[in-house]
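What follows is a set of notes on a single structure, which appears directly below.
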Amino acid sequence: MEDILLVHRKSNRNFSESLQDAAIWKTCLRKILFCTETELNDFSDLIEVDDQVLRGEKALSLLLEILCGLHSPIVGETEVFGQFRNFVDSRKQLQDPLFADHQKWLNFVMAEVKRTRAEHLVGMGSQSYGSLLRRYTKEVESVTICGSGHLAQEILPWLAHKKSMQVLCRDVTKLQDFAAKYNNLSLTTYNDSYIHGEAMVIAAPLTDTRILELMNRQETRPQAVFDLRGEENNLASLLATQFPHVSFMGLHQFFAEIEETKKETQTKLEALKAHLLERALTFTQRTELRPLGWDDICA
């Protein structure tokens, strides 16, 4: 990678305190030290046996894979790229020459990540409850979520684009701070609620009877019910009898969909990693023509 290399540490251990001023980018899954060959020689004794020291196209391709979200729990997520851009901005403020605007490696990485995302990662696949729900509710403008625990809070950001979101819970005060993030979100208790979502997501251990009771409060029944309860239940058959127009998707169907997507995604990932390595190799082996170089000036 021209005059820069990466020291990749995929563990919870921090680099030595003596490197606290060095260009170290940290994420939840890894730490990456950016430096030159000269700098590496100065603190080579601080490198651990499990650390990866990468140069050239291998350093570039790994960085591209990480920034494109290929190593993230949710493949293709954008959060890691945003974190890296903030890191780059902080290094520029410190006037770190490795991250100056003229650095060709940095400009290549930024442009390549954006291009790869646009051309290869859009619609990569749904690998979480939230991403699946966003896909299955794309035709409706309002969603009701039963529950306010971790699962419900994990789902909400995926549905934030909806015209209306409603959360039913036992104690609305516990969710007030979280709800403040969304202007389109309303909180009501199970007892006081009037269900208005075109789709209902069950993310709490409610009984079948309780769910049917909630649905009966609605003049216009939900178009779809998504049941994320883990225990066995008879909701599918009850809905088929009492609300035949309502589509139903249970937890086992979500599991099957996610597993199938993972298989398809893995094949795509391997091909995309090979593509990024090829792009990195092309960049590192490029030939630059400098018509106004020193030879021309001195001629």
Side-chain angles (χ1 to χ4, degrees), residues 73-74 77 125-162 164-179 181-182 184-263 265:
I74 302 300
E77 56 89 14
S126 302
Q127 301 173 77
S128 69
Y129 298 133
S131 58
L132 279 173
L133 285 169
R134 181 171 64 180
R135 171 147 61 94
Y136 287 129
T137 62
K138 63 181 180 181
E139 301 298 330
V140 303
E141 295 186 341
S142 59
V143 176
T144 293
I145 300 175
C146 299
S148 59
H150 177 76
L151 178 57
Q153 294 181 34
E154 179 183 300
I155 290 170
L156 276 170
W158 292 92
L159 305 176
H161 64 288
K162 296 295 181 185
S164 172
M165 296 189 298
Q166 179 187 30
V167 168
L168 309 182
C169 53
R170 291 185 175 87
D171 186 358
V172 297
T173 60
K174 293 182 179 180
L175 206 63
Q176 291 289 2
D177 291 341
F178 184 82
K181 303 176 184 178
Y182 306 100
N184 58 339
L185 175 61
S186 62
L187 301 176
T188 50
T189 67
Y190 290 112
N191 293 330
D192 301 331
S193 62
Y194 173 77
I195 316 301
H196 57 72
E198 298 171 72
M200 175 184 282
V201 179
I202 306 167
L206 302 177
T207 65
D208 292 346
T209 301
R210 184 61 160 154
I211 294 168
L212 294 175
E213 177 190 334
L214 291 171
M215 293 179 63
N216 276 313
R217 294 184 191 175
Q218 228 173 336
E219 290 186 12
T220 303
R221 305 287 184 257
Q223 299 176 15
V225 172
F226 302 96
D227 187 359
L228 302 181
R229 294 175 298 168
E231 63 274 8
E232 292 292 326
N233 60 75
N234 298 311
L235 186 58
S237 58
L238 291 172
L239 288 177
T241 301
Q242 299 185 37
F243 305 106
H245 69 285
V246 176
S247 64
F248 176 84
M249 183 172 182
L251 187 63
H252 69 282
Q253 293 169 283
F254 277 87
F255 282 157
E257 180 82 12
I258 290 174
E259 286 304 312
E260 184 62 30
T261 300
K262 284 182 178 179
K263 293 178 183 178
T265 299

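Every value quoted in this text rests on a predicted model; they were computed, and no experiment measured them. Hydrogens, waters and symmetry mates play no part in the numbers below; they use all other heavy atoms, side chains included.
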Could you grab the distance from atom CG of Asp208 to atom CG of Asn234, nearest 0.5 Å is fine? 6.0 Å

Rounded to the nearest 0.5 Å, how far does NZ of Lys162 lie from CZ of Arg134? 10.0 Å

Can you give the donor-acceptor pairs under 3.5 Å from side chains of residues 240-255 to other protein atoms, not counting sequence neighbours?
residue: Thr241; atom: OG1; partner: Ser237; partner atom: O; Å: 3.1
residue: Ser247; atom: OG; partner: Gln223; partner atom: O; Å: 3.3
residue: Gln253; atom: OE1; partner: Gly250; partner atom: N; Å: 2.6

Should Leu235 and Leu212 be marked as a side chain to side chain contact (heavy atoms under 4.5 Å, CB included) after you check the CA-CA gap, both sets of side-chain angles, and the distance that decides it? CA-CA 9 Å; Leu235 186 58; Leu212 294 175; 4.3 Å; yes

Around atom CZ of Arg170, are there more than 12 heavy atoms from other residues, nucleotides or ligands closer than 6.0 Å? no

Side-chain heavy-atom pair Leu168, Ile195 within 4.5 angstrom cut-off: yes

Contact check, side chains of Ile211 and Leu238, non-hydrogen atoms, under 4.5 Å: no

Say you draw a straight line from CG of Leu185 to CG of Leu175; how long is it, rounded to the nearest 0.5 Å? 7.0 Å

Please check if atom CG in Asp177 has more than 12 non-hydrogen atoms from other residues, nucleotides or ligands closer than 6.0 Å. no

Between Asn184 and His161 (side chain of the first, backbone of the second, donor and acceptor by atom type, cut-off under 3.5 Å), is there such a pair? no

Of all heavy-atom pairs between Arg229 and Ala204, which one has the smallest distance, and what is that distance? CG-O, 3.4 Å

Test log, rule side chain to side chain contact (heavy atoms under 4.5 Å, CB included), inputs Lys181 and Leu156: CA-CA 10 Å; Lys181 303 176 184 178; Leu156 276 170; over 6 Å; no

How long is the gap from CG on Leu132 to OG1 on Thr137, to the nearest 0.5 Å? 10.5 Å

Compile the donor-acceptor pairs under 3.5 Å between side chains in residues 144-154 and protein atoms, sequence neighbours left out, one pair per line.
residue: Thr144; atom: OG1; partner: Gln166; partner atom: OE1; Å: 2.7
residue: Thr144; atom: OG1; partner: Gly197; partner atom: N; Å: 3.0
residue: Gln153; atom: NE2; partner: Ser148; partner atom: O; Å: 3.1

Is any side-chain heavy atom of Leu214 closer than 4.5 Å to a side-chain heavy atom of Leu206? yes

